[in-house]
Amino acid sequence: MAKEITSRADDYSEWYIDLVRKAGLADYSAVKGCMVIKPYGYAIWENMRDQLDKRFKETGHVNAYFPLFIPKSLFEAEEKNAEGFAKECAVVTHYRLKTDPNNKGKLIVDPEAKLEEELIVRPTSEAIIWNTYKGWIQSYRDLPILINQWANVVRWEMRTRLFLRTAEFLWQEGHTAHATAAEAVAETTKMLDVYAEFVEEWMALPVVKGVKTANERFAGADDTYCIEAMMQDGKALQAGTSHFLGQNFAKAFDVKFLSKNNELEYVWATSWGVSTRLMGALVMAHSDDEGLILPPKLAPHQVVIIPIPKPSEELTAASNEIASKLRAKGIRVKIDDNDHNRPGFKFAEYEKLGVPVRLGIGARDLANNSVEVARRDTKEKKNVPLEGLDQYIEDLLAEIQQNIYNKAKEYQQSHITEVNSWEEFIEVLDGKGGFVSAHWDGSSETEDIIKEETKATIRCIPLNNKLEDGKCIRTGNPSKQRVLFARAY
């Protein structure tokens with residue numbers, strides 16, 4: 001019988017799509033380039049969203065909502081931003097349909113319902129937000145503004161992959177306004193730290209914090225900070241970005257404030273965001289050929305209890321008692337007491353879904369006052385006494401969370417390779433992949449040449465990077481520090 005999920009070794013890309021679909025995370029939709037996020041996938045996203053939202057509010061931010069549509073004139077007011085997204089925009093030109101007079105069963109766009117000005121379906125919201133901020137900001141007393149928005153955005157993609165690259169996706173975007181450059185820079189780096197802590201502590205995924213080169217930074221930003229993660233195929237994935245926008249948007253939309261010195265000054269800005277792309281990172285960083293491996297903190301069900309061979313009054317009562325004690329500790333538990341499927345089928349199904357801990361309980365277990373505990377990350381099984389089981393499971397979930405992180409960290413560290421020549425650079429890229437730490441002469445032209453010849457980009461210049469004299473791997477020109485290259489999603 002053919003294997004349900006393609007193996008990573010055979011075809012990593014196909015493995016990923018198989019897993020996303022067969023684990024019930026997402027599916028294709030009738031709209032080309034768009035996806036349906038299924039309930040199990042959305043439950044994981046909700047856990048991510050809720051934890052991030054909590055962190056945003058703890059750092060002083062509040063949520064608001066801005067329109068999906070952006071008048072073209074506002075979008076093009078910030079020239080760099082408009083240019084950066086021009087090829088990805090969806091544009092609304094009409095506001096009504098009508099019945100085709102030549103075919104009563106068809107609808108056509110009403111040519112008389114043309115908009116006076118086209119509307120851009122938001123690819124990002126700086127334009128509409130900064131046009132709004134202009135009416136909110138008059139004095140330094142109105143600053144800072146610390147707003148976050150949970151929303152969907154559209155970036156027209158021709159080559160799509162579930163979660164990683166779709167025409168429409170979910171995200172959050174923070175947009176803040178400050179009286180000084182120092183405050184805005186502090187906000188930018190603070191939010192980068194929030195992202196890094198979340199991804200490492202909740203997704204169990206180590207990241208490298210850094211700053212993008214001029215070629216790779218967000219259009220309209222003075223600086224773009226990022227967190228870069230490593231997937232199991234040796235490719236990098238940008239997991240989050242935080243942008244210091246300087247006064248670019250304030251100048252584009254004429255947003256000024258009266259300072260404490262009674263002088264009119266332009267506002268300083270930031271924006272920052274993560275998206276459902278994190279779902280793709282979660283799958284690719286941890287999972288195996290049998291299915292998902294989910295960090296317990298994000299798993300919709302942290303524990304599943306399966307009566308064996310099928311539910312009985314006695315097993316149901318015992319399962320409910322165990323579940324009640326676990327839930328009292330805040331542990332998310334599911335009891336699978338349907339008798340339509342055999343235990344072996346259920347075991348495989350919950351392994352595919354990445355449930356961190358499985359408890360099997362049968363008549364013999366009850367007689368011995370124990371249950372079989374199976375952990376998803378290592379596939380180890382052991383019999384554990386019912387007495388103190390709730391504390392054992394709580395400790396086990398923390399151990400699994402840490403173990404998943406440790407495994408990913410070990411992989412990341414073994415895939416950061418220093419090279420000093422072009423030959424070494426190519427050998428590592430075409431071999432084990434990962435981050436390649438190499439000297440670069442600092443020119444955009446050299447960066448473009450390397451990208452064209454190898455498909456590798458500079459993922460970031462690591463924060464607190466040590467300075468050292470060296471020679472650019474491509475040109476031999478002098479260099480003062482190494483940067484991280486990788487092929488990436």
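The shown structure was predicted, so the numbers you read here are calculated from the model rather than taken from an experiment.
By the side-chain contact (heavy atoms from CB on, under 4.5 Å) test, Phe69 is found to be paired with Val92, Leu119, Val121, residues two or more places apart in sequence or in another chain being considered. Annotation: side-chain contact (heavy atoms from CB on, under 4.5 Å) contacts of Ala236 (sequence neighbours excluded): Glu228, Met230, Phe435, Arg459, Ala486, Ala488. In this structure Asp469 satisfies the salt bridge (Lys or Arg N to Asp or Glu O under 4.0 Å) test together with Lys480, sequence neighbours excluded.
Rounded to the nearest 0.5 Å, atoms CG (Leu484) and CD1 (Ile461) are 10.0 Å apart. In this structure, CZ in Arg482 is found 9.5 Å from CD1 in Ile473, a value given to the nearest 0.5 Å. With rounding to the nearest 0.5 angstrom, the OH atom of Tyr42 is 6.0 Å from the CG atom of Leu170.
Arg8 has no carboxylate O lying under 4.0 Å from a charged side-chain N of Asp18, or vice versa, which leaves the two without a salt bridge.
By the 4.5 Å heavy-atom criterion applied to side chains, Val255 and Phe249 are not counted as neighbours. Side-chain atoms of His178 and Leu143, non-hydrogen and from C-beta on, never get closer than 4.5 Å to each other.
Both tests do not hold together for Lys134 against Phe253: distance to the six-membered ring centre under 6.0 Å, angle to the ring axis within 45°.
Put simply, the side chain of Thr454 gets close to the backbone of Ile450: a donor and an acceptor are under 3.5 Å apart. Counting only distance, with no hydrogens or angles, the side chain of Glu351 and the backbone of Arg376 share no donor-acceptor pair below 3.5 Å.
Annotation: Trp272 is in aromatic contact with Phe56 [ring centroid separation under 6.0 Å].
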